[in-house]
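Quantities reported herein were computed from a predicted structural model and do not represent experimental measurements.
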Amino acid sequence: MAKPEKPQPAEATPNLGAQARESVERALLRNTVDLKLPDYDAEPVAVSPKEVVYARGTLRLWHYLPMTDEVYRVPLIMVMPLFGRPDILDLVKGQSLVEYLLLCGYDVFLMDWGRPRREHAHVGFEHYVDQFIPDCIRVACEITGEKEVSLFGYCSGGMLALIHAARHPDKQVRNLAVAAVPIDSDGMPISRAWTDPKYFDLERLIESMGVIPASLIDASFQVAKPLAKTTNRIAMLKKADDHAYVKAYLQMERWSADQISLPGQVARQLINDIFQKNLLFKGQMVLGGERVDLGRIKIPFLHATAQHDYLVPKAASKDVINVVGSADKTAIEVKGGHVSLLAGAGALYRLWPQLDAWLSVRSV
Amino acid sequence: MTIKDKLNETLPARALRQIKKLREKELGDIAADVVNSKRVRTNIQKRINQVLHIQRMVSEGMGTALGMVNISSRDDMQEVASKLATVEDVMAQLHVEMRQLRVALAQRAPGGAAEQIAPPAVKRTRKPPAPKV
């Protein structure tokens, strides 16, 4: 009979789980400070000093207080996209297009669309381009004592600025600069496919909610690049020890999660006339009984695009420059994506100086 | 063949190995193709319609039931939120009007007092910097 093995004392068996836990806890205790996420909520966004000078419904026209003793004669009005909060143009000190332009000596106004609600379901493109933008131009002219302004529109804000300039060619717009404007929906097959009326019941959505909810708009941006958020997060983790990078990333993330709803009628025109039928690009879009012809725009024109813009691909925006009728027109392409074009860390060296160089000589 | 070898030959394991070999861009393109395939698209669009229908049914049903026990429904709360937002809009308009009054007062006030009411206008004579040679 074999001799039974002598049982080993319990403490002699290496308990790897307990050892690992102890090591991790020790490391956590040692490095608690570094493990803390930056308190990005503590740093307020959109802090450039400003005051509201016009309000109509959810629309606000902000006037930023000049940061120089002397400003360029022609004031600049920034037209925000239909979907995004204006914070992106004035993210934080040192990473703000608005602050940059103020320091360059511009008198800056910004049109903030606010958050449309069910009662704004009837608001269409006509309201934006024939009422809201002209109202803001009038107020900016009254405040500054000038007779003309420059418009700068980003994304769908650029589309609104373009349509306004085309419908009011003899009015007070001296210069028109736009960035990442979706104009040719043949270059946006994904948006067109998702809004195909065969499958997407837009009328039902508008009837039910009055507006296209912000969450749905955010989801629609994700379908173009479903893994974008995940890969960005992985990239952020790789630089987790760089607090400035993490903070900038989280601020950008917070902004992109804060989309605004789209009034039902605007959604109807955007989806049916622009995404599905490409009427704006073809010069066949009709607003208020009048055809929108971008060829009527004759003022100095600048269009900026980003090389890696997947929300408004190059194919959808590159021909803006060709349809506009201006003799003085400039197209620039810079490195970056749809948002980093205007708000990324690189924008300070890429787009902003070019925008200033183009605008300054035309603003005297 | 060991159990480990057999497991490695299963479809999920092979798929995972393939995925691991792919680069970020290729993986992104595949995900975009899947998400934007007609099948996924039509199914999601059908679901959106179903959700809207269900939401409406539930909203109507719950609204009545909650109303009977004197409790606010989601629709009631949304209406309150909407009214509060309207109040904010009106407040902003009042703010604008007060600003206009302040400016008008400043125009009438004598020299030194005007600057206390509204800041003086900046000079609009700035010139672009001379191009670098």
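Within the 4.5 angstrom heavy-atom criterion, no atom of B:Leu94 approaches chain A. Both the backbone and the side chain of B:Arg41 come within contact range of chain A, with heavy atoms under 4.5 Å apart. In this structure, chain A has a heavy atom under 4.5 Å from the side chain of B:Gln55, while its backbone stays farther away.
The shortest side-chain heavy-atom distance between B:Arg99 and A:Val52 does not fall under the 4.5 Å cut-off. Put simply, the side chain of A:Ser208 does not reach to within 4.5 Å of the side chain of B:His53, judged on heavy atoms. With contacts defined as side-chain heavy-atom distances shorter than 4.5 Å, the pair B:Ile48/A:Leu216 qualifies. Considering only heavy atoms from C-beta on, A:Asp69 stays 4.5 Å or farther from B:Val122 through its side chain. With contacts defined as side-chain heavy-atom distances shorter than 4.5 Å, the pair A:Arg60/B:His95 does not qualify. Residues B:Thr86 and A:Glu119 form a side-chain contact, since some pair of their non-hydrogen atoms from C-beta on lies under 4.5 Å apart.
How far CZ of A:Arg73 is from CZ of B:Arg126: 15.5 Å, rounded to the nearest 0.5 Å. Interatomic distance, A:Arg117 CZ to B:Lys83 NZ, rounded to the nearest 0.5 Å: 12.0 Å. Between the CG atom in A:Asp201 and the CG atom in B:Leu52 there is a gap of 8.5 Å [rounded to 0.5 Å]. Atom CZ of B:Arg56 sits about 5.0 Å away from atom CD of A:Glu207, to the nearest 0.5 Å. With values rounded to the nearest 0.5 angstrom, B:Thr125 atom OG1 is found 11.0 Å from A:Tyr72 atom OH. Interatomic distance, B:Thr42 OG1 to A:Trp194 CH2, rounded to the nearest 0.5 Å: 9.0 Å.
Looking at every heavy atom in both residues, A:Gly57 comes nearest to B:Gln93 through N-NE2, 3.6 Å. Between B:Pro128 and A:Val364, the shortest heavy-atom contact is CD-CG1, 3.4 Å.
Environment of NZ in B:Lys46: sparse, with no more than 12 heavy atoms of neighbouring residues, nucleotides or ligands closer than 6.0 Å. Around atom CZ of B:Arg74, no more than 12 heavy atoms belonging to other residues, nucleotides or ligands sit under 6.0 Å away.
In terms of heavy-atom pairs under 4.5 Å with chain B, the best-connected choice from A:Ile234, A:Val139, A:Ile143 is A:Ile143. Per-residue heavy-atom pair counts under 4.5 Å with chain B were compared for A:Thr230, A:Asp356, A:Val361, A:Asp196, and the maximum is reached by A:Val361. Contact count versus chain B (heavy atoms, under 4.5 Å) is highest, among A:Glu142, A:Glu146, A:Arg118, A:Arg115, for A:Glu146.
Taking the charged nitrogens against the carboxylate oxygens, B:Arg102 and A:Glu51 do have a contact shorter than 4.0 Å, which makes a salt bridge.
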